[in-house]
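Each chain gets a letter, A, B and so on, in the order the sequences are listed, and its residues count up from 1.
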Amino acid sequence: MTTLSEHIVEIISDSGEGAQKCGQSLGSIAAQMGYGVWTTEIIPAEIRPPARSVAGGSGVRIRIGSGPVTNGGDETDLVVAFNEQVLLGRVRAKELKSNCIILLENMWRGHADPTIAAAYVETYDRLVAAGYRVHEIPMEQECRALVADGRRGKNMFALGMLCGIYSLDLKLAADQVVQTFGKKDQHVVEANLRLLEAGHRWAAANLDFCYGIPAIGSTEPQIVVNGNTALALGVLASGMEICAMYPITPATSASHYLSDVFEQVGGIVHQAEDEIAACAFAIGASYAGKCAVTITSGPGFSLKQEGIGLAVMGEIPLVVVNVQRGGPSTGQPTKTEQGDLMTAIFGSHGDAPKVVMAPATIEDCFYSIITARRIAETFNMVVVVLSDATLATSQQPFPRPVFSESWMAPPVDQSAVPERARPYDWDATTGLAHRFVPGQPGGMHTLTGLAHDRDSHVAYDADSNEQGLRARSLKLAALQKTLAAPPVHGDATGDLLVIGWGSTKGAIEEAVDAMRVEGHRVSSTHLRFLQPLPPGIKEIMQGFEQVMTVESNWSDDPESAIIDDPNRRYSALAMLLRARYLVDVDCFSEVRGQPIRPSAIRRVISRKLERVSGKVATS
Amino acid sequence: MSPMSATECLLQMCDERFELEDYQSGVPRWCTGCGDNAILAAVQRLCRDEGLRPEKTVFVSGIGCSSRFPHYMRTYGFHGIHGRALPIAEGVKMARPDLTVFVNTGDGDCCSIGAAHWIHAIRYNMNLTVFLHDNQIYGLTKKQASPTSPVGTRTNTTPRGSYLEALNPLTVTLGVQNVSFVAQAVDWAPELLYDIVKAAYHHKGLSFVRIVQRCPEWMPKLLDPWLHDPGRVQLLHHRNGLLPGAGSVKVYTNQLEHDPSDINRAREIASNTQVVPVGILYRNPEVPCYEDLIGSDKLRTADVTRAGLNAELDKHTVWPRESHA
Ligand SMILES: Cc1ncc(C[n+]2csc(CCOP(=O)(O)OP(=O)(O)O)c2C)c(N)n1
Ligand code: SF4
Ligand SMILES: [Mg+2]
């Protein structure tokens, strides 16, 4: 048995062949055994792509480590593929290590259709020649000895093999199978258990390798869900009662989950006729005293912008979740990107100050909703929560939350409004005003999206307009005063500081850790609040020779022929930091629809440090 | 203060009469002769007669001359954005079924920019009372063609006359699944307007009232043929519908007995553009309201939330194994 500190394994098949179920089960078993795991769904862009197509692979990628795993990591070490075409898709996407172990279903070699057989042989030969360690496995044949439909049983056979290869507890795996198929009848459960054991036996008898990863283990109960489920659980825990949405990838699964469970706690999911209506509906509910959430992705986020402006102007609390995907336009619906930061901050029209937060982990997805609701209602503001497709479709165990009543909104205030109180009695220092909610005697007024005075009367005079603008803006400053400086990962001083936001946290910190082990003086910090920016950032930056952001949105490559300082477009956060702190913040960005890998960040850090030391040497 | 007995409390409530002034706020800024004034008067009268508590009543509007309406009511109001009054009102009602919610929307607001919401609001059939202030023109933005402008209408965007046949808000509404109440009124027949507004208010479900509204500023002559010839107003009456007062019956002699449960007949009547049918075209109290179908019967208390959250977390929890201790 070879001992490893971590391995990346993936299971890939045509969609509908169960690779996803196999992978999710593997992740759960590993998590239960106390491994660090990060699972990522491999999703084809189409619902039912043709069988055996390069772009149609569906499955799961699991990074298993002895300690906590914070991101999907680099290339894959071992892959189980149900046909060579979906495997080719992964090879072409450069997802596999050059010496990756491939466990390949070999039924295609003797396929009745000669073109299929030939395609298989050709791919097999090429992969072997390229240095991949390919093991041909008669999965379907083995399964057919146990069940009538070998194709459908393959995924549990594969799970058994993987349990064998990674020395995972077969008893736990069996429990997992019972849990997965428990709702079906006993025959199904038994058949799958037989397949699991058969896979396990087969691996022991036929494969000449086997791994052990020492698990550090966790002593507390952990939750294993993806970021969208965590968001939905956050909505559940936050006390919000209404989620208004319109389906859009990759946000929809959060609403699917909510639709299933929200009613049990007195909530509803309203599927509106479009995102404009969803936003307006949520605004109506919030106005009436029950802060609501609307969940969407890029194109829907654009449609909501006018409504967001109304909520800003009327000072109506509102939580807007944008699970970012590749843009612009329909872009890459299933792929990840951090392209909406500027839209989130500057979206709508006129001066529309709103709060923008970005969860950085699966756990953050849960808590950020609770925080967002609370900020929205405390400051009567719009809070945008920027998640992305990476978080949406990845799982990472986190400590099981313990519910606190303080997470929930207080009951709707129906007390009488004191005489002469005004609906927008803006505090001169903080900009905050009380809000009168329908039902409160004496609080009657008409909320308007037009410029208004403290009585909520339409007012076009210069002073009223300016007072309103000032108050709405001051609230951001007031919130900023309550925020803490972000922690620095690594030393407080050094040659390079990497700044990130959102789902890149794990990869950035992993890269920074690796570079520090090699003796480099690099640290990182990660921003959860993008608007307002927390205090202390400038002071943190001052501890470093160089600062750069790492982001998953577009920036011009400074090496390109016509790109120079006056025309280079920087990544979103870099632009914000440059503008606010007058610091020469560089950026590295990748917009390839995939999470940025730690290895890519390591390379960038190396390059950057070389340049720094180069400069030092010549100066 | 000593606690009140139930009788005292009831007596006090009976005492609590509202006057018109309790619903009036500010001086309307509409042009003289604007039909919106008549609508405001009818609605304020309704609120008084029904004793609607001002703090429990919300008027939601979009943008347009007509959408200024909530500002002139001393109730809660929400003057929203162009076209989105209906989804905002739906959110209010969903969150707070205890509130009485009215919607004021213009023909541009409802039938153009907000058309998608209009169709779907009818289908949701939430318990809202919707007034379509149909002046057949864009008033606020200074005379552009609206979807309900008659073909040939000269406006600033159609100086040689509008090209398209007008959209008929009644037939459109009557064509949507789940429609439950459709009526039509004209601003210049205040008694009938009041009767219709009242019937709309009493209907449970979405009551849609198209009010033909004069815009003397931009369309001074448009409605003259109807105004000058009461015979072109077709008064709909039925014992299951509206029973107009003696005054109305005397003036509007073109009368038609119409049972508002008959949707096919309602569609026929609505399609006749030679006359303006006034009254209740369709009413079906049996159509369920969306808020009753979707609403959860659970109260969102901390205990319910804790139990629900923990039940969900249980499904996703991996417990530490003793062997790893
Ligand atoms: C998104 C948006 N587009 C355009 C406008 C400009 N606008 C304001 S009111 C209006 C039309 C008003 O017509 P109608 O709804 O019939 O109301 P009326 O003024 O006639 O009562 C338009 C186009 C706007 N406010 N918002
Ligand atoms: S422009 Fe027309 S609709 Fe607007 S207030 Fe004047 S008369 Fe009324
Ligand atoms: Mg109009």
Side-chain angles (χ1 to χ4, degrees), chain A residues 28 31-34 215 217-225 229 233 236-237 239 241-242 244 261 263-268 270 272-274 276-277 280-285 287-290 292 306-307 310 397 400-401 403 405 408 438-450 458, chain B residues 25-26 53-60 63 68 70-71 73-84 86-96 98-99 116-117 119-120 294-302 304-313 316-321 324-325:
Chain A
S28 284
Q32 284 177 64
M33 292 186 65
S218 126
T219 51
E220 24 172 25
Q222 309 236 69
I223 298 297
V224 183
V225 293
T229 304
L233 288 168
L236 213 70
E241 289 180 24
I242 290 176
V261 304
E263 236 175 73
Q264 293 157 25
V265 298
I268 65 137
H270 168 58
E273 57 271 27
D274 57 34
I276 298 175
F281 192 100
I283 288 172
Y287 159 79
K290 300 203 169 162
E306 195 195 4
L310 170 65
R400 179 178 162 125
F403 176 74
E405 282 186 25
M408 293 191 57
Q440 284 190 271
M444 288 83 73
H445 68 285
T446 289
L447 182 145
T448 177
L450 270 77
V458 175
Chain B
S25 170
R53 301 197 64 88
E55 75 271 16
K56 294 286 243 177
T57 308
V58 185
F59 284 82
V60 181
I63 294 291
R68 282 294 186 111
H71 286 283
M73 296 294 304
R74 199 186 292 265
T75 60
Y76 278 90
F78 193 140
H79 182 197
I81 44 178
H82 196 30
R84 321 300 169 198
L86 284 165
I88 293 172
E90 288 155 12
V92 173
K93 189 69 188 176
M94 186 63 81
R96 297 285 304 278
D98 59 310
L99 301 174
H117 311 313
I119 306 287
H120 289 278
I294 193 177
S296 170
D297 52 7
K298 290 239 170 62
L299 273 184
R300 190 112 159 83
T301 61
V304 166
T305 301
R306 177 186 290 109
L309 180 68
N310 283 336
E312 279 315 301
L313 292 177
H316 305 289
T317 302
V318 297
W319 301 95
R321 293 206 313 163
H324 281 282

- prompt: Which bit of B:T57 is near chain A, if near means a heavy-atom gap under 4.5 Å: side chain, backbone, both or neither?
  reply: neither

query: Looking at side-chain heavy atoms only, is the closest gap between A:Q264 and A:L236 below 4.5 Å?
result: no

task: Between chain B and each of A:A237, A:G443, A:G307, count heavy-atom pairs under 4.5 Å; write down the option with the most.
output: A:G443

query: Under 30°, 30 to 60°, or over 60°: which ring-plane class applies to B:F78 and A:Y287, parallel, tilted or perpendicular?
result: perpendicular

task: Heavy atoms only, distances under 4.5 angstrom: which of B:R74, B:E312, B:R84, B:M94 has the most pairs with chain A? Name it, please.
output: B:E312

query: Counting heavy-atom pairs under 4.5 Å to chain A, which of B:T317, B:L99, B:V304 comes out on top?
result: B:T317

- request: Show your working on salt bridge (charged side-chain N to carboxylate O under 4.0 Å, His left out) between B:R300 and A:E241 and close with a plain yes or no.
  value: CA-CA 7 Å; B:R300 190 112 159 83; A:E241 289 180 24; 5.4 Å; no

query: Quick one: ring pair (Phe, Tyr, Trp, His ring centres under 6.0 Å) partners of B:H120, sequence neighbours excluded?
result: none

message: Under 4.5 Å from any heavy atom of chain A, what part of B:I63 do you find: side chain, backbone, both or neither?
response: side chain

Residue, of A:I276, A:T229, A:L450, that accumulates the most heavy atom pairs under 4.5 Å with chain B: A:I276

task: Heavy-atom distances under 4.5 Å only: say whether A:I268 touches chain B with side chain, backbone, both or neither.
output: side chain

- prompt: Does the side chain of A:L233 reach to within under 4.5 Å of the side chain of B:L313, using non-hydrogen atoms?
  reply: yes

- request: Using a cut-off of under 4.5 Å on heavy-atom pairs, state which of A:G442, A:G439, A:P221, A:P438 scores highest against chain B.
  value: A:P438

query: Quick one: of A:K290, A:Q440, A:E263, A:Q222, who has the most non-hydrogen atom pairs under 4.5 Å with chain B?
result: A:Q222

- prompt: Taking C-beta and beyond as the side chain, do B:M73 and B:P70 meet within less than 4.5 Å on heavy atoms?
  reply: no

- line: Whatever's closer than 4.5 Å to a heavy atom in chain B on A:P441 counts as both

message: I want to check something: taking the side chain as every heavy atom from C-beta on, are B:H117 and A:E273 in contact at a cut-off of under 4.5 Å?
response: yes

field: Proximity breakdown for A:A282 and chain B, heavy-atom pairs closer than 4.5 Å
entry: neither

- prompt: Tell me, side chain or backbone of B:N310 under 4.5 Å from chain A's heavy atoms, or both, or neither?
  reply: both

- prompt: Are A:M408 and A:F403 close enough, and set up right, to give a side-chain contact (heavy atoms from CB on, under 4.5 Å), and what steps lead you there?
  reply: CA-CA 10 Å; A:M408 293 191 57; A:F403 176 74; 3.6 Å; yes

query: Heavy-atom distance under 4.5 Å to chain B: side chain of A:V261, backbone, both or neither?
result: side chain

field: Top of B:G26, B:A302, B:G308 for chain A proximity - count of heavy-atom pairs under 4.5 angstrom
entry: B:A302

message: Restricting to side chain to side chain donor-acceptor pair (under 3.5 Å), what partner residues turn up for B:H82, sequence neighbours left out?
response: B:D109

- prompt: If you tally heavy-atom pairs under 4.5 Å against chain A, which of B:A95, B:S25, B:A311 wins?
  reply: B:A95

